[in-house]
Structures are given as structure tokens and as C-alpha cells.
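Please read the structure below before turning to the comments.
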Amino acid sequence: MDAAILIDSIPSLLKATIMTLFLSCISVVIALVIGFSTALIRILKVKILNEIASVYISIIRGTPLLVQIFVIYYGLPQIGISLDPISSGIMALSLNAGAYLSESFRASILAVDRGQMEAATSMGMTYGQAMRRIILPQSLRIAIPTLSNSFIVLVKDTSLVSVITVTELLQMSSLIIAKTFEPLTIYLVAAAIYWILITFFTTMLDKLEKRSSKYLAR
């Protein structure tokens, strides 16, 4: 291991790590909106939208993320929709994670005892009020472990957008290796950075889960 190469590479790898974090954070926010909206559409069985949501989830879960990235980046321009590599990567990551989060949200909402909805509506609450005040807080607590897992997977999946030239951590590692011919050193550093990121987010999400448990236990 060449220490000089390692030291010279650290600034570039850290800069690429910021891009990885940017992709992860933006994508997870969009995915949460997509996932929650799609879950509600399926639970409420909204006409037409329910069928569209089912097809969307089936297609996303039935195809590799890498193919979805290629379709968005190389395929959409053929129908007049051109996106830059970063936008394409965010779109692919968001749609992919949104489909899985939708199933997590749907399962967690349905896991709440139906009697609580009946009790809330019998007390005069509308369906929306009962969902917002009674059902959703409990379902969020149930969903946190699977949401955490989806976010961790999304952080690692950002490495796939390197195939469309987004200079995230893996792409930057490959560029440095092309110059230094030190694959072991650089890939080990990249792996260590991914591990630190995942450990940090896992710790934060575990704390969030414990705090939500205390809140609901009151």
C-alpha cells in the first residue's frame, strides 16, 4: 500500500462522498413521497390509480435497478425526454426505492388493529383525522425498521449510477485507480467510507426507532 497515493486520493474520495450523500438524501426524500402516496392509493383502492400503482410496483420489483438506470438515461431521450446523469440517477433511485417503501408503508398501515379506526370514527373523527392522529403514528413506528433497511440499501445502490458517469464514490475510485494502478488500496478506502456512512445512518435510525417507541408507550 502506497501511503502517498492514499493521502493524495483522500480529498477526491471525500468530495465524491458528498455526491453519494447528495444522491442518497435527495432520492430517499422523493422515494418517501412516492412510497407513501402509492401505499395510500393501494389501501384506499383509488380507481385507475390503484391499477397504475400495482403495475409500477410490479415492474420496479421485477427488474434490476441497473436496467432501470439505463432505460431512464439512454431510453427516455428516444421519446424526447433527456435528463443529465445526476437527474437520471436520482430519478432511477427514487422510483426504485419508492416501490419498495410503498410495500413497507402499506404493510405497516394494515398492521395497525382495524378496531382503532372503528373506535376513532365512532368518536366522531373523519377517516382522514383518524388516519393522521391514530393510524399513521403507529404505522410509522412499525415501518421504521424496514424504512431503515431501504435507506441503507439505497446508499449502497448509489454506486450503480457510476455507469452513467455520475462521479460518486465508486466512479471516483475507478478514476483514481486508472491513474495510480492501486486497486486494492483505493477500493479498500472506498469500502471503508461506505461502511462508515452505513454505520452512521444505522445508528441514527436506531435512535429514531427507540425515541418513537418511547413516544408511543406514553
Side-chain angles (χ1 to χ4, degrees), residues 1-35 60-77 82-101 104 144-209:
M1 180 179 293
D2 191 325
I5 291 176
L6 179 60
I7 293 171
D8 290 341
S9 303
I10 291 297
S12 298
L13 290 172
L14 291 179
K15 185 178 179 181
T17 302
I18 293 174
M19 175 57 76
T20 294
L21 286 172
F22 172 76
L23 292 170
S24 302
C25 293
I26 296 295
S27 298
V28 79
V29 170
I30 299 173
L32 285 170
V33 174
I34 294 173
I60 294 295
R61 296 177 71 186
T63 57
L65 174 57
L66 190 58
V67 174
Q68 296 159 20
I69 292 171
F70 284 143
V71 168
I72 291 172
Y73 186 62
Y74 294 111
L76 290 185
S82 296
L83 299 173
D84 59 68
I86 293 177
S87 299
S88 298
I90 290 174
M91 184 175 179
L93 292 168
S94 301
L95 289 173
N96 184 273
Y100 289 96
L101 288 176
S104 298
I144 285 178
T146 51
L147 296 179
S148 302
N149 195 46
S150 296
F151 181 61
I152 290 167
V153 171
L154 190 150
V155 173
K156 291 188 286 188
D157 281 348
T158 57
S159 62
L160 292 176
V161 301
S162 62
V163 298
I164 53 174
T165 70
V166 176
T167 313
E168 46 67 63
L169 186 54
L170 183 62
Q171 173 73 352
M172 180 57 74
S173 301
S174 300
L175 293 174
I176 294 172
I177 291 168
K179 295 178 181 176
T180 62
F181 302 103
E182 288 282 351
L184 180 60
T185 302
I186 303 303
Y187 280 138
L188 283 176
V189 174
I193 293 174
Y194 277 118
W195 177 75
I196 291 170
L197 290 178
I198 297 299
T199 302
F200 173 76
F201 286 123
T202 302
T203 303
M204 292 296 103
L205 292 168
D206 285 345
K207 288 183 178 179
L208 176 63
E209 183 180 359

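- For F22, the CZ atom counts as loosely surrounded, since its 6.0 Å shell holds 12 or fewer non-hydrogen atoms of other residues, nucleotides or ligands.
- Considering only heavy atoms from C-beta on, I176 stays 4.5 Å or farther from Y187 through its side chain.
- The shortest non-hydrogen separation linking T20 to E168 is OG1-CB, 3.5 Å.
- Between V161 and Y73 there is no side-chain heavy-atom pair separated by less than 4.5 Å.
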Check the pair L169 / I193 against side chain to side chain contact (heavy atoms under 4.5 Å, CB included), numbers first and verdict last.
CA-CA 9 Å; L169 186 54; I193 293 174; 3.7 Å; yes
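- Side chains of L13 and S173 form a contact here, defined as non-hydrogen atoms less than 4.5 Å apart.
- Taking all atoms of both residues into account, the shortest heavy-atom contact from A92 to I69 is CB-CG1, 3.6 Å.
- Counting only heavy atoms from C-beta outward, the side chains of T167 and M19 never approach each other to under 4.5 Å.
- L65 contributes atom CG, which lies 4.5 Å from atom CG of N96 (distance to the nearest 0.5 angstrom).
- Residues I60 and Q68 form a side-chain contact, since some pair of their non-hydrogen atoms from C-beta on lies under 4.5 Å apart.
- To the nearest 0.5 Å, atom OG1 of residue T203 and atom CG of residue L208 are 12.5 Å apart.
- Here the CD atom belonging to Q171 is positioned 10.0 Å from the CD1 atom belonging to I164, to the nearest 0.5 angstrom.
- Between Y100 atom OH and R61 atom CZ the span is 6.5 Å, to the nearest 0.5 Å.
- What you find for P85 and T165 is that their closest heavy atoms are CG-OG1, 3.8 Å.
- In this structure, S87 contributes its side chain and L83 its backbone to no donor-acceptor pair below 3.5 Å.
- Counting heavy atoms from C-beta on, the side chains of I34 and L101 never come closer than 4.5 Å.
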What's the verdict on side chain to side chain contact (heavy atoms under 4.5 Å, CB included) for L23 and I86, showing C-alpha distance, side-chain angles and the deciding distance?
CA-CA 8 Å; L23 292 170; I86 293 177; 4.2 Å; yes
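- Contact detail for A31 and A97: the closest heavy-atom pair is CB-CB, 3.7 Å.
- With T185 contributing its side chain and E182 its backbone, the two residues share no donor-acceptor pair below 3.5 Å.
- The line from CD1 of I5 to CZ of F181 is 10.5 Å long, rounded to the nearest 0.5 Å.
- Residue I186 comes nearest to S9 through the heavy atom pair CD1-OG, 3.6 Å, listed as atom of the first residue, atom of the second, then distance.
- Taking every heavy atom of both residues into account, L170 and S162 meet most closely at CD2-OG, 3.9 Å.
- For the pair S27 (side chain) and S24 (backbone), a donor-acceptor distance under 3.5 Å is absent.
- Put simply, the side chain of V28 does not reach to within 4.5 Å of the side chain of L93, judged on heavy atoms.
- We find the CG-CZ distance between L32 and F151 to be 9.0 Å, quoted to the nearest 0.5 Å.
- The shortest side-chain heavy-atom distance between L95 and I72 falls under the 4.5 Å cut-off.
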